[in-house]
Colleague: 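Encoded as structure tokens, here's the structure I'll be asking about.
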Amino acid sequence: MEKTDCTALTMDVYSRWRRPPQPVGCRRMRTSSSFQWLLLSFTLLYLMHQVNSQKKGTPHDLKCTTNNLKVWDCSWKPPSGAGHDAVYEVCIKNRSRSCNQLEETNTKILALSPGDHEITVRRLHDPRSSMSKFILNEKNISLIPDTPEILNLSADFPTSTLHLKWNDKGSRFPHHSNVIWEIKILRKKSMELVKLVTHNTTLNGEDTVHHWSWTSDMPLECAPHYVRIRCYIDDLHFSGRKEWSDWSPVKNMSWSPGSRTKVFPQDKVILVGSNITFCCVTQEQVVSAQIGNKMCPLIHLDGKNVAISIHNISASASSGTNVIFTTETDIVGAVIFAGYPPDIPQNLNCETRDLKEIICTWDPGRSTELVGPRSTDYSLYESFSGKNVKFKRVEDSINESYQLFFHMIPDQEIYNFTLNAYNPIGRSESTILVNITKKVYPRTPTSFKVKDTNSTAVTLSWHLPGNFAKINLLCQIEITKTNSMEELNVTIKGVENSVYLVTVGKLSPYTTYIFRVRCSTETFWKWSKWSNGKQHLTTEAIPSKGPDTWREWSSDGKNLIIYWKPLPINEANGKILSYNISCSSDEETQSLSEIPDPQHKAEIQLSKNDYIISVVAKNSVGLSPPSKIASMEIPNDDLKIEQTVGIRNGIFLTWNYDPNMTCDYVIKWCNSSRSEPCLMDWKKVPSNSTEALIESDQFQPGVRYHFFLYGCRNQGYQLLRSIIGYIEELAPIVAPNFTVEDTSADSILVKWQDIPVEELRGFLRGYLFYFEKGERGTSKMRDLESGRSDIKVKNITDLSQKTLRIADLQGKTSYHLVLRAYTDGGVGPEKSMFVVTKENSVGLIIAILIPVAVAVIVGVVTSILCYRKREWIKETFYPDIPNPENCKALQFQKSVCEGNRTLKTLEMNPCTPNSVEVLETQSAVPKIEDTEIISPVAECPEESSDAEPENHVVVSYCPPIIEEEITNPVVDEAGGTSQVIYIDIQSMYQPQAKPEDDQENDSVGGAGYKPQMHLSIPPTVEDITAEDDFDKTAGYRPQANVNTWNLVSPDSPRSTDSNSEIVSFGSPCSINSRQFLIPPKDEDSPKSTGGGWSFTNLFQNKPND
Amino acid sequence: MESGQESDHEPSPHYREAGKALESDQEQHLSPATPTSSQGWGPRPPGPEVEFGGSSLCLLTLLLPPLGRAAPISPAELISQAYSLALYMQKNTSTLLQTYLLHQGSPFSDPGFSAPELQLSSLPPAAVSFKIWHALEDGERLGRAQGAFLALTQHLQLVGDDQMDLNPGSPILLAQLGDARLRAQGLLGNMAAIMTALGLPIPPEEDTLGLVPFGASAFERKCRGYIVTREYGHWTDRAVRDLALLKAKYPV
């Protein structure tokens, strides 16, 4: 913040110089405005002058003034022509001896009373002269004080202060009156007005010397200063005109510079933000001036002296702000320290630690930015005692603590402190009124000791320095035990520098405590710091209770095992050394003594059941009261084992109130997997309660515990309830072990075993059985829970069920079986198995037998049907007389046949008839192969069938008509006319089940001729008798299909051309040949062919049926 | 420590020895009250402040031998020792001047501040024409240097006191001024030993400061301090030259 504005200041100074002309201008304005009035008054004056000039022969123009109100100084103008030696007589009317003769034109007369007074002035010894008469009134008198005289003008250069001294000469004035002094300060040789001040005083009838001081903004060394003074007496009793006195002679104050260049002021400490002027008194030309590194414009003073003005100075660094003037040959300068006056000391607080010395502390507040000799000094003043303490600064300390020590004054409690802070810029103060007895902050107690009083009380002692004899101390004792802390307040009568003792009671025996203490006063101000903690172990006491005891009979019932629990530390009251046990009945007493401490179990062989056992614990101080327990167990027949599951960390048991139970209830528990007698722990519950929450750190989830609730009666304990339970159920840890007992083709019998209790980890709630088809390695029974449809699940909740039959399975199929057990804690792991069901032999047999049987039955039925309908069949398929309609060879002439039946046969005439000889066979029935060679006539419509039997003997053979080829182009294409199909005689008789047969038949049929191969079928039912005959006649089949008549050598092998659509029976031989007319097997062939053909034809011709 | 011994110019073997001596001394009496610099006043010469404490102890040891030892040391050794010390002092003079100026506020603390026109009548100026200087006899030359350092020790004490008022919160500056004074005293002792060894008359110790203007203004004190620290540097430079010349005349 080096922004110290020199420029603004110079402007200010400059404007001050320029200011005087302004009022002149204003006056001029006013003058011109009253010009007319002036003109008028001049005219008036002129007229008066004319009048006066007529009076010039007499003394005229009497004027009176006064400078002290006591004497009037009157003067007049002598008449014209009067010499210097003229004598005047002045007479005041109405006054005795009122005429004075004098040789001057003025006279002093004593002040006249108010009112008009007639005064005559007459020139003596002048006959021409006439007497002038004046009326004199106080109102016409001017009060013009004497010019004041400056007694002394002195200067205090370091502070740039002028001290002015003058005398008001008040003794001259008759009465008190106000005086206004006007003091004019002029600077530089050119006497520039710097300051014009008025100063009011009163005249008190005595000569009084007045002082007036003025501090210059510019160091007095910089330029000569001049002072003038005048006064104005404002007397209220004086009714005349009051005027200012003349200005006193100038008094000047100048500093005689040496030859050396100097800068003023030096080392000045000023308030931050204030303005200051520096000047350089020099004989050399000043080149530049700067504050810090900022150049400042020069203000020229007398000679070569210059000044700079610094405006709004900022805070200085510790070594001050440098102001430097550079002359042509030298550097001169000054340092200024700009800072702040001391802040009001904050948080002034006075307290005492020992009532001997008062410590006052404070916070200095805002920094003054001044260091070293310029830093703030503090002094502490106590007004009642008038004592003063000064603050000694420790320069080097970094964390300066502001505190002062004040020695207490005996018997003084109230102190009124004033803390004064002062530095070169200013001062401040802060006060505090304290009752020091209420501001005691004791020192930390020392020599803190603990001594045993007894097992439950200790005596604490500590030393506290200080003169506390007149006050009470309030001390706080902190008693810390494991897990607990207690604070105890005690009030102690204070003493001087002594040890304080306090007994603390109600402690627990044999317990480690940590004590510490701090103190304050009863009129609390502050706690002292805590003393050092002292750890102390209180002494032992006898155990307060006997141990918690339980007993169990050994499994053989002969020994009684006595258990007891170690006493808790608050009941043991010391280190338990041993236990004493005694078992007493009416007759005898057995005792075991001095069982050392870590042992908490003893076994005694007892002959009877009814004993009272008492257990006593012993420590170094003594024996505990005995704890007693009856040995007898009262049987309870009505006992069921119940189940329970824990809540959070414990098992909650409730039972009904039983008034018979007089002493208490005992719940004992053990891990159920342990052998009897087992005992983990027990808990005693008062007899009036009906519930207990059993909690133990030993409880683990998934472990089965057995709880026994005993009720206590006079004689002994009775087992009331037996409960097994889990603190938390878990899922079984193993899977049930299962085996497949039996498999059949459609079912599997599975049997499993119980899971051991240890591995069950909860109450078993059931089993889950999953099965699906699948083989080892391929089964995907991974996510059993997802409920896949192909996995079947059986939930077995009947825990007594140990087997399961899975039915409705498929034979000889691999099944994947999985069994899991579950508890409320979850489902256990799975055990899986793959089983293959047995093969279903009956089914297989049935599967074979049924088709066979069906086939047989069908065959039989067909046979029967065929047999029954043989006539029909024969008629349909193998009529004795072929139905001409079926003669396909003649179909192309059908219309013709239909139109003229008679002519049909006649038309065959053009063919050359061949005579067929019928060879006689051995059978009675002649072979009528010829009938097979159906004549065109025989092929005619069925209407003529009646005539068939008659006509069949002689058949004329009609050779195929060539034109037939044209009507059947299909045949043409396939076979071609040149094709020759050879069919040997064997193939002719082979039953052809090929589909081609039908085609062949169709095509053959289409060709007009159908070979009649069913030779054995009698044409009518009536002809059954002739059946044999027909059979024998089936030796020859005329090869009627002209298309297939090909020239084949008889020796050619059988040729069955698969490509040939036309399989025809035919002989390559000429129809004249007789080679085939004798069938190779007369007996067999008809039969076999009859079976093969029967079906197809039957179906084909069904409509004809 | 080591960096304090490393300099840009090749030190002479003698200096190297002395440097080692300094180093060992510092190791033995490593001063716990070594001032530490926390302000960043630009680049500093390699010698850290740690040297000040150690060096002042070292200077005392350098000062003592001629007075205490029975066995006379040859003038060449003394000259060499004094030369080493002067060289060592030379390294720290600019630091002292910079530190000093930095604490006096602007324009003193402005970079490049220099006011050669400021002189102290009580302090002989170090500037001398080479011709005159070279023509001086050894005794005269040493005598002048001794007189100057005598004045400097007194002035440095004065400046230290002045700064206690002006900069009470700047222990670094005060410590550096104190160290400079001790070094000047050390060199003074060395020179006296040389003059004794060479059989030259020792000028009487006089109060060069004379009547101290205790009423000096803060500005005058600042300027005085500036001149003293500046002249301390100049005189140290001159002493190095003096001793180098002498060293050439009295080779080891």
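The figures here come from the full heavy-atom set of this structure, side chains too, leaving out hydrogens, waters and symmetry mates. Chain A is the first sequence line, chain B the second, and so forth, proteins listed ahead of strands; every chain is numbered from 1.
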Colleague: Using non-hydrogen atoms only, which part of A:V332 is less than 4.5 Å away from chain B: side chain, backbone, both, or neither?
Modeller: backbone
Colleague: Quick one: what part of A:N322 sits under 4.5 Å from any heavy atom of chain B, side chain, backbone, both or neither?
Modeller: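 Backbone plus side chain of A:N322, per the 4.5 Å heavy-atom cut-off to chain B.
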Colleague: Measure across B:L118 and A:D330 and return the closest heavy-atom pair with its distance rounded to 0.1 Å.
Modeller: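 Taking B:L118 first and A:D330 second, the nearest heavy atoms are CD2-OD1, 4.1 Å.
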Colleague: Which residue is it: A:T329, A:I331, A:T327? I am looking for the one with a side chain to side chain contact (heavy atoms under 4.5 Å, CB included) to B:E117.
Modeller: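 Result for side chain to side chain contact (heavy atoms under 4.5 Å, CB included) with B:E117: A:I331.
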Colleague: Would you say NZ of A:K268 has more than 12 non-hydrogen atoms from neighbouring residues, nucleotides or ligands within 6.0 angstrom?
Modeller: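 Yes.
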Colleague: Which one wins on heavy-atom pair count under 4.5 Å against chain B: A:V263, A:I336, A:T326, A:I324?
Modeller: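 Greatest number of close heavy-atom pairs with chain B: A:I324.
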Colleague: Taking A:S319 as the fixed residue, which of B:N167, B:L173, B:D165 is the one that meets the side chain to side chain contact (heavy atoms under 4.5 Å, CB included) rule?
Modeller: B:N167
Colleague: I need the minimum non-hydrogen distance between B:F219 and A:V323, along with the two atoms involved.
Modeller: CE1-O, 4.2 Å
Colleague: May I ask you to check whether over 12 heavy atoms, not counting those of A:I344, lie within 6.0 Å of atom CD1?
Modeller: no
Colleague: Do you know which of B:C223, B:A115, B:P107 has the most heavy-atom pairs with chain A at a distance under 4.5 angstrom?
Modeller: B:P107
Colleague: How far apart are the closest heavy atoms of A:D267 and B:A216, and which atoms are they?
Modeller: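 Heavy atoms of A:D267 and B:A216 come nearest at OD2-O, 4.3 Å.
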Colleague: Is a side-chain N or O of B:S106 found less than 3.5 angstrom from the main chain of A:N293, in a donor-acceptor match?
Modeller: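 Yes; judged by distance alone, with no hydrogens or angles, the pair exists.
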